[in-house]
Every structure is written in structure tokens, then in C-alpha cells.
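A short worksheet on the structure shown next.
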Amino acid sequence: MKENEPVHEGGRERENRIEKLSTLREAGVNPYPYRFQRTHGVAELLSGEDTFLESGAETAIAGRIMSIRGHGHTSFGNIKDDTGAIQFYIKDAEVSEEDWKVFRLLDVGDIAGLWGVLFKTRTGELTVKVSRLELLSKSLLPLPEKYHGLQDKELRYRRRYVDLIVNDEVMAVFRKRSMIIDSIRNYLREHNFLEVETPILQPLYGGASARPFVTHHNTLDMKLYLRIADELYLKRLIVGGMERVFEFSKDFRNEGMDRSHNPEFTMLECYAAYWDYNDMMGFVEEMYQRLCEEVVGSTEILYGEYEIDLTPPWRRLTFYGALEEKTGVDLRGATEKELEKLAKDNDIDLEGVAGKAALLDELFSRLVEPGLIQPTFIIDYPVELSPLAKVHRSEEGLVERFEPYIAGFEVANAFSELNDPVDQRARFEEQVRMRTEGADDMHPVDEDYIRALEYGMPPTGGLGVGIDRLVMLLTNSSSIRDVILFPQMRPEAGRGEK
RNA sequence: GCACCGCUAGCUCAAUUGGCAGAGCAACUGACUCUUAAUCAGUAGGUUCGGGGUUCGAUUCCCUGGCGGUGUACCA
């Protein structure tokens, strides 16, 4: 295919419809008019059935024609809007000659406006008896088959617009996604959190351990990174005196893609001055409880084969405690050698895993994570794994950090934020040292962030929640692509550049 | 990145051992005044993902490339 050649598909059917366009235009009908005055949404008609039947009032609805069943002088069909679908009935003798002509040129997939009164058919179905109609937008490409719909996953992701038209459950997932974000936003606002926006294009990336996307600013002639997290900016705001802040942040990580990773994804981060991680744990439990009640209607949810009960309080287990539960060994004093042996005994492949911290992390994700089905807070992580968390107030070598796990995956990450600028510098430098030893995704030192800390940051509790995974959990979706409207795809053949 | 599976009409899917590429829906023509996966009669629709090979003959077997799915690796 040549570049910039328009994509023509739909074959004969598309040509038929283009033919209909000119027939309509010749008859003085604009197939793409400018507006339509609706009186009701379909859902209003369905729920107000009795009133409409009694009053005989005329209504005007608009939407997409989903089916047409012709019977010579009459026709039945279905029309669907944002709120629902309803049957319509049209009879040649009851509309103008012009309208009947337009109707005969109507195809499934067209957008139309209908005027009419409601009645019930012999089989008891609420139906709009059309008195007038207007074509509002002619569609040229045919919709997928009415019974099986659109099944092909590739087409569903690439043409999400078609997926949304024909697969109602997809629409439902994304409505729920919106409700989830609303619910969280309301919860945070009620607790006096301020919603802010921080840079997506950053001269220095940080706040997480991941490889960034790199871009270039022409005028400034400098490298910029797409953010991998907004953490360091939000904490600068805490320094500035905004005591409670949050941001729904689109983050970007230049790494592999799979069922739970998309290169761009949504993370909620929030920070509260004068809180520690214990305060944040209670806050998270309450947030999830409320979210479930508002969105699912219950704190008991179904995810795949699991029945999950999110009623607080959730189980709390320390990082080392959880490992000890699985291995029978307290690993706090374990040497690298002992950890390696333990991994080998459990058939864990250690390729690419170097250092004590990485070993512990590997053991944890192999042995413990898969078993964390019911909501569980894992708390008190080794300091090496957490360069932005504050050291534990009583336990040597640990930080005050927690991660809630549900259905075997991590759904959030939180800590008592490190606000000691000297310690923070040391941790950054340690990360840089580890980077030179081979880990290529550790933090560069952010001097300005340390400077901010030197002005003084109050004790602060911070939280990050992966919104996409949360939506997966609450919509029982097995792939992140099913909760992102336009998931990342390779370009179709002949499009895009290398 | 690696492994396995898939790609056939607009959509959903068939095609026996390698032997004329098919069905349903959608479309088109006609019939039909309460149907609803409407029905009935007829018509048309194909680069079998691309390229190469084996063969008298390839949707089918082999090689290669593309895209997707699943798993795995990477990803606090």
C-alpha cells in the first residue's frame, strides 16, 4: 500500500451507500445536517413507560440504527443512544412520502432522529411509532454481524469505536472506569486534598525505577523525558505548603507490554503532610471500601476464579514475616549466598538478579505474591528496595512502606516519605552506584529535589495507586487492554514510520 | 526478547489425505401491514495476511516476513 493512500474497505457495500448519498442529495436531503433537538433519552422512555403511554405525548429521540426488519409497507427496527435501545415502528401511510423515501435509503449503522408516540406491540414491547424522521449522519461502512458482533481482539482494540457500538459490555467497563475515578476524586476532595498538575515533560525522570521515553525540545535544544512518576514534583508541593495534594497522572514507561503493562498508564498519587504510613493504610482501606460500595455495590467482588472480600480491616504482614511464612526461615540476617541457595531450592531462575535486595525481591514475588489473594498489606520493606521511603522508626534495615496486594497483584505502594535531605542524597548516590554496577533503571540524582528537602518537608505520608489495575479488579478484566480505550498497538501494515 | 497458537467474503466461522474456496449474517433484486437472530425466492461478493519454495495441483506441507493472542522474560 502506498503511503497516504486512503484506506478503502467495505467493498460493494460501501459503494452502495455512497450511491444512496447522491440519491438523497438529489432529493434535497442533506445526509449530514447540523443538529437535532431531542426531547428524551431512550432510558427515560423505558423508565417512564406508563406516563408516555397514557399521555400519548410525542417524543423525539436520536441515535444509531442498530437493526431494520422490513415488511413491505411497514418496518420495525431498533435505535440506540447513550442510555439504551428501543424498538421503532414505521408505516408508509403514517409518514410523509419524503420521509418514507428517506427511510428506504436508511442503513443499519446510520444515525437518525425519530419523532413519534409510544405504544405497545402485540407482544408487549414498548415501541416508538414514527411520525417523522431525519437522517442525521449516513454511515458508509457496515457494522459487524448483529448476532456474534465483533470478536476479533485485534479489530476490537484497533477500532474501539466499533467495539463500543456493538459490544455493550465494553461500554459498561469504561463507564465504570469513569465512576471509579470520580469516586476516588470525590473521596480525596472530601478529605481536603488539592488536585494539581505537574510536568509530563521532565528534564530529569524519577520517582520510580523504570526506563523512560526520551524526547527532544527543539527551541531549548535539550533532552526531555516523559515522566515515569510524578512523585518528586508532588513532594515539592508539600514543601511549598500544599499540605494535601493529588494528581491522576498519565505515566510512561519504556518497557515490555503484557496483560498488566501498557507503555502509558494512569497512576493516582497523593501526599498528606503530618501523616505516616499507618495513617495512609487506614485511608486506603476506607477508600477501597467506599469505592466498592459506590461502583460495585458491595465490598465483595468476583475476580476471575476468586471471591474477594475488601471489607476492612485487611490483613497486615511484614515483608520478612511473609517470606518466613512461606519458607520457614527468618531471612533478616541472611547473606547473599544463603538467599541464592534458597532460590535454587525453590527452582527460581536467578538470571539477571544481582545483589541482596534484588534477591529478596525475586524471592518475594515468586513465593509470596501469588498467594496474596485476599487483600493484604505487606509492610516494612528492606531499605535497599525503597530509596524514597523513610527508615523504620524501630527496625534496623527497614523502611516504613506498605503495598496492598489483591488477587495476587500489587495494587498500590505507599510510605512514610523520606524527608531527611542528607539521607535522601545518600540513597540517591547508592542508587547511582548500583546503576554503574549494571542496573540500568535506577534514579539519577535530582539535585533540585534534594534542595527542596533542604528547605524542609513536613513528615508526610504518600500513596500511589495503579488506576488501570484497580479498574481491572473492579470490572473483572483479565487484560489491561480491556480497561484502556486505545491500548498501544503496532501500526497496521502500511501505516506509521519505523 | 523467546515459545506456542492464530490470520479464509464487510462480520462470525467451515473446507476430509494436498484435489473445483463454502455457510450464516450483512449487501443487492423481488414478495410481505405487529416483527424482533422476522420470513420466503433469487443475485452478487475472495490477493485464503505478504513474499518465496516443494508439487501435475497448496487455504492445507516447508522457508521467510508482518500483525494479533496466550505464556514467559523484563518491569520496586
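Naming convention: chains lettered A, B, ... in sequence-line order (proteins, then strands); numbering from 1 in each chain.
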Which base sits across from [N] as a Watson-Crick or G-U pair, both distances under 3.5 Å?
N     : result
B:U70 : B:A3
B:U43 : B:A27
B:C61 : B:G53
B:C32 : none
B:A9  : none
B:U16 : none

Using a strict threshold of under 4.0 Å (side-chain N to carboxylate O), is an ion pair present between A:Lys390 and A:Glu400?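 So A:Glu400 does not pair with A:Lys390 through a salt bridge.
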
On the nucleotide [N], are OP1 or OP2 found under 4.0 Å from the side-chain N or O atoms that [X] carries?
X        : N     : result
A:Arg490 : B:G65 : no
A:Arg366 : B:A73 : yes
A:Lys146 : B:A26 : yes

Within this structure, what is the CE-CD distance for the pair A:Met489 and A:Glu154, rounded to the nearest 0.5 Å?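 Reported value, rounded in 0.5 Å steps: 5.0 Å.
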
Aromatic A:Tyr381 / basic A:Arg401 pairing, under 6.0 angstrom, 45° off normal: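 Geometry flag: set, cation within 6.0 Å and 45°.
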
How would you label the contact of A:Gly149 with the nucleic acid (heavy atoms, under 4.0 Å): base, sugar-phosphate, or nothing?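 The residue A:Gly149 makes sugar-phosphate contact but no base contact.
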
Suppose we call a contact any N or O donor and acceptor under 3.5 Å apart; does that hold for the side chain of A:Glu125 and the base of B:U35?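 By the distance-only test, no, there is no pair.
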
